[in-house]
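Every heavy atom of this structure was used, including side-chain atoms; hydrogens, water molecules and symmetry mates were not. The shown structure was predicted, so the numbers you read here are calculated from the model rather than taken from an experiment.
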Amino acid sequence: MKKRVFSVLLALVLMLCAVPLPVHAAANEITVYNWGQYISDGTDDSLDVIKAFEEETGIKVNYLTFDSNESMYTKLKTGGTTFDVIIPSDYMIAKLISEDMLEPLDFANIPNYEYIDEAFRNQAYDPENTYSVPYTWGTVGLIYNKNYVSDEDAESWSCLWNSKYQGKLLMFDNPRDAFMTAQMILGQDLNTTNKADWDAAAELLKTGKSNLQDYVMDEVFSKMETGEASIAPYYAGDCLTMMDVNKDLKFFYPEEGTNIFVDSICIPKNAKNVEAALMYINFLLEPDVATANAECLGYASPNTAVVNNKDYCYYQNEVLYPAETAMPKVQYYHDIDTDTRTYYEKLWSEVKLH
């Protein structure tokens, strides 16, 4: 992937002014819970964000990862580990707010929030901007190997049900995203509470299971980059990363439409080190740090200092920032009532066991 080469020394100097609180005032350790492969980590001359934060503040970061919003929620709900910073997606944030599981943020200690684009404020999942700070945003599409999958087939989610690609197809290993691919084909509202809709989507997923090689999350990288699999639904930012490794890969937004999401930074209600967590959040919004993350991850950024930077390697990238005329039809996930969620999770178990 094309990345800017960051001098760690220069970055640390630039970041000095970004820390809003005196280091001695904050606890000396935080635990961060984030998606896998979702931070600039120093590879390929990128900035090691965690190391930079630790060296700048003297605060140790215990960094743990999850592979789905649902697994993150379960870990948070059951306890055992206390987290100071988490980065869930929009609909999960709404759920956490409704269950009083998030700490209101003190924005006086997040001055870099000024860089967050107005378009990503006052979102339905956090309408008063009380509990979350946008980290990345993106959409879901199809990544495919042009040597085996035709461009025409990749124009529709139905490609994932095409028997001629049997054994080379991958599917999301989480219920919300997997159901989305079927719901789009069926023309459903992604937030439907009609159980008959979920039944229909589950039956469609079952009919395509025999074609699948596997259900995956982070495993998609190795499978698509090596050519072990030929087509998969996945997040646009990650697809750019895979395309950089394997030049035979292409990306397309299916004609039926897709999910749009915002992943945001939050502090759980039981956080031990809120002050240090606020420092970490502010640090992530600092222009050089946010740019390093955006370039390393390949996800679209809600940070205006990134998006307006002509040196940003994805500046005006048509996959991440499609023109209005090229923007696919999109729907956000919402937090669905417990009865509906329990129902589709039961159906998902049945799909996996089918």
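Under a hydrophobic clustering in which Ile, Leu, Val, Met, Phe, Trp and Tyr are joined whenever their side-chain heavy atoms come within less than 4.5 Å, directly or via other members, Ile260 and Phe251 fall into the same cluster.
The shortest distance between side-chain heavy atoms of Val220 and Asp238 does not fall below 4.5 Å. Asn309 is not listed as a side-chain neighbour of Tyr315, based on a closest heavy-atom distance of 4.5 Å or more. In this structure, the side chains of Glu350 and Lys206 come closer than 4.5 Å at one or more pairs of heavy atoms. Using a 4.5 Å heavy-atom threshold, the side chains of Lys195 and Asp339 count as touching. Proximity of Val319 to Cys239: side-chain heavy atoms (C-beta onward) are nowhere separated by under 4.5 Å. Between Pro88 and Leu96 the shortest side-chain heavy-atom distance falls below 4.5 Å. At a threshold of 4.5 Å between non-hydrogen side-chain atoms, the residues Pro268 and Met101 do not count as touching. Counting heavy atoms from C-beta outward, Ile110 and Leu278 have side chains that approach closer than 4.5 Å.
Pro134 and Tyr113 make their closest contact through CD-CE1, 4.3 Å (heavy atoms, listed as atom of the first residue, atom of the second, distance).
Screening residues 76-101 for ring pair (Phe, Tyr, Trp, His ring centres under 6.0 Å) gives Tyr33-Phe83, Tyr91-Tyr333 as the qualifying pairs, with residues at least two apart or on separate chains.
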task = Decide yes or no on ring-ring contact (aromatic ring centres under 6.0 Å, His included) for Phe261 and Trp137, but give the supporting numbers first.
result = CA-CA 6 Å; Phe261 60 88; Trp137 68 276; 8.2 Å; no
For Leu160 and Ile185, run side chain to side chain contact (heavy atoms under 4.5 Å, CB included): C-alpha distance rounded to whole Å, both residues' side-chain angles, the deciding distance at 0.1 Å, then the answer. CA-CA 11 Å; Leu160 297 172; Ile185 291 174; over 6 Å; no
Can you check ring-ring contact (aromatic ring centres under 6.0 Å, His included) on Tyr125 and Tyr332, steps first, answer last? CA-CA 10 Å; Tyr125 61 88; Tyr332 280 95; 7.6 Å; no
Passes side chain to side chain contact (heavy atoms under 4.5 Å, CB included), Lys168 versus Ile231? Steps please.
CA-CA 7 Å; Lys168 289 290 189 177; Ile231 187 164; 5.8 Å; no
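Checked options Asn145, Asn211, Asp153; the residue passing with Tyr165 is Asp153 (criterion: side chain to side chain donor-acceptor pair (under 3.5 Å)). Screening Tyr215, Tyr343, Phe172 for a ring-ring contact (aromatic ring centres under 6.0 Å, His included) involving Trp348 leaves a single residue, Tyr215.
Checked by atom type and distance alone, the side chain of Glu103 never pairs as donor or acceptor with a backbone atom of Ile267 at under 3.5 Å. Of the possible polar contacts, none joining the Asp44 side chain to the Ser46 backbone as a donor-acceptor pair under 3.5 Å is found.
Applying the ring pair (Phe, Tyr, Trp, His ring centres under 6.0 Å) rule to Phe221 yields no partners; only residues at least two apart in sequence or on another chain are considered.
The CD1 atom of Ile281 lies 8.0 Å from the CZ atom of Phe107; values are rounded to the nearest 0.5 Å.
Taking the six-membered ring where tryptophan is involved, the planes of Tyr299 and Tyr235 are tilted, since the angle between them lies from 30° to 60°.
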